[in-house]
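Remarks on the structure that follows.
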Amino acid sequence: MTRLLDTGLSGTGATGTGPFDFELLDPHLRTLQRYVRTEAPALRAAAREVDRHPDGSTLYPQVPLLDRLATLQIPGPYAGDPLIVEGREYPLLSAMERVVFHEEAAAHGDASILLCAPGSLTAGMLVAALGDEAQQARFFTTLRSAPAWTFLAMTEPQGGSDATALRTTLEPAPGGDGFLLTGTKRFIGNAHRARTGVVTVRTGPGPLGIRCALVDTDVPGVTAAPIDTLGMRGALGAIAFDRVPIPAENLLGGHLPATRRGMWGWLHSFNLLRCVAAAMAVGLARAVHDHLAAHGLAPARLAPLAARIHRVRALTHHAAGAVDADPATAHLPAAAKTAAAELAEHTTARALELLGPGARLEHPLLDKWARDAHGFDPMEGTAHVQALTVFASLRR
Ligand SMILES: Cc1cc2nc3c(=O)[nH]c(=O)nc-3n(C[C@H](O)[C@H](O)[C@H](O)COP(=O)(O)OP(=O)(O)OC[C@H]3O[C@@H](n4cnc5c(N)ncnc54)[C@H](O)[C@@H]3O)c2cc1C
């Protein structure tokens, strides 16, 4: 919140480069915003290529901004070279820096390509929250040396909203040497590309029986394949484990008190991840708005869309500031993610309406964004789940 200087709709921005330049951000974040804005356009061509050929399971779009992102978001002692822009350092660890980066990359590049990117984002959050020193060193050291994909596998074929209903098991291996992992996960970002990731598992009954394990995919018993989706194509995969041997040292959280070993870690991580998902959805809406403006739609006709984008953007920045102040803040990220997912769907639908019949054919990028927009509701939990989070959080 301290970085949020103005949530109004009246500013035109000191840089004067666009309607979304308001005095919303402090100088540190504005410098990051300018950097990403310059680099992001290269993402768009790569995103369209992935959209056309989503089954390239090892395909990695070579875009400098994604390479750079891949070795950021790595905590303290394991961090590689920070991003330095105009003498300022950006490790991209705070919610606010991540939000500005992802929103701008989506607004001037593409949101869905960010989900295909290598790096530590979702899995890294869990390893940072639950990993001991050796686990963190192993996971992050490989990431900082070269771009590599990771995944966080929670959702299962029977449903993802109720994370406590998971069926994937981690049982002691015969002979007492480590564990055996058995189960199936679906809709997992980059599961078909990554060599390592975090899998949520059941080790016993009840909430304390839910844990997270580091899993390498180049071992017998692991099968992974891309999932063909309508939007955010190329991002998601399914991954199955058939009695996969997992060394004991891969079980995360053993050094923590029993109540903090499993769900606690991911509940906290979700607060930040929801801010990032909201930022990407806001960025997508901004991209659509700018596309309409570039195709001659008068500012007056775009004003209601712009106003809604500004409101959701302000809420997202407010949520990120609140999470940076207190990582346990749950209601603001949940509200922002819900509003931003609705915004992305509304903006793309309205754009297709404004451009008239044939818009999907004449504006392939808009067609892609309209398909992508529907990915934001399920991502990090549907609107129903966010509503439950807001309610529980406010009641507390
Ligand atoms: C782009 C994208 C990226 C993703 N990335 C990942 C990832 O990296 N890792 C991962 O593990 N998962 C990932 N997911 C999966 C996502 O987390 C799930 O889709 C989501 O949690 C919903 O689960 P489900 O699809 O199984 O729906 P279900 O849980 O089966 O829900 C079906 C419907 O029931 C509703 N519902 C469920 N429970 C309740 C309730 N208690 N009250 C009211 N309504 C309810 C839901 O809102 C939904 O409308 C991703 C999804 C997308 C689209």
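Basis for what follows: all heavy atoms, side chains included, without hydrogens, waters or symmetry-related copies. Start at 1 with the first residue, then count along the sequence.
Under the 3.5 Å distance criterion, the side-chain polar atoms of N190 are matched with a main-chain donor or acceptor of L115. Put simply, the side chain of N271 gets close to the backbone of P327: a donor and an acceptor are under 3.5 Å apart. In this structure a side-chain-to-backbone donor-acceptor pair under 3.5 Å is missing from K185 to I239. Without hydrogens or angle criteria, Q386 side chain to E380 main chain gives a donor-acceptor distance under 3.5 Å. At least one donor-acceptor pair under 3.5 Å links the side chain of N250 to the backbone N or O of L214. Side-chain N or O atoms of T347 include none that pairs as donor or acceptor with a backbone N or O of A344 at under 3.5 Å. Remark: the backbone N or O of A303 is not paired with any side-chain donor or acceptor of R308 at under 3.5 angstrom.
For the pair R98 and F101, the cation-pi test (distance below 6.0 Å, angle within 45°) is failed.
Going from atom CD of E342 over to atom OG1 of T338 covers 6.5 Å, rounded to the nearest 0.5 Å. If you take CG on L25 and NE2 on H317, they are separated by 5.5 Å, rounding to the nearest 0.5 Å. Note: R138 CZ to D132 CG = 9.0 Å, rounded to the nearest 0.5 Å. The CG atom of L152 lies 7.0 Å from the SG atom of C212; values are rounded to the nearest 0.5 Å. Note: L354 CG to L305 CG = 6.5 Å, rounded to the nearest 0.5 Å. Note that CZ of R68 and CG of L83 are 5.5 Å apart. Values are rounded to the nearest 0.5 Å.
Of the charged side-chain nitrogens involved, none lies within less than 4.0 Å of a carboxylate oxygen, so that R44 and D110 do not count as a salt-bridged pair. Look at R313 and E103 and you find a salt bridge, because one of the NZ, NE, NH1 or NH2 atoms lies within 4.0 Å of a carboxylate O, short of that distance. Taking a cutoff of 4.0 Å between a charged side-chain nitrogen and a carboxylate oxygen, K368 and D372 qualify as a salt bridge. Ion pairing between R34 and E104 fails under the 4.0 Å rule for side-chain N and carboxylate O. In this structure, D367 pairs ionically with R371, as a charged nitrogen and a carboxylate oxygen lie closer than 4.0 Å. Ion pairing between a basic and an acidic side chain is recognised when a charged N comes within 4.0 Å of a carboxylate O; E156 and R167 show no such pairing.
In this structure, H331 has its ring center at least 6.0 angstrom away from the ring center of F391.
Side-chain contact of T196 with D216: a donor-acceptor pair under 3.5 Å is present, judged by distance alone.
When side chains are defined from C-beta on, R261 does not count as touching H255, because their heavy atoms never get closer than 4.5 Å.
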Do R195 and D218 pass the salt bridge (charged side-chain N to carboxylate O under 4.0 Å, His left out) test, and can you show the C-alpha distance, the side-chain angles, and the key distance before you say yes or no? CA-CA 6 Å; R195 298 242 341 255; D218 55 355; 2.9 Å; yes
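Relative orientation of the W369 and H291 rings is perpendicular, given thresholds of 30° and 60° on the angle between their planes.
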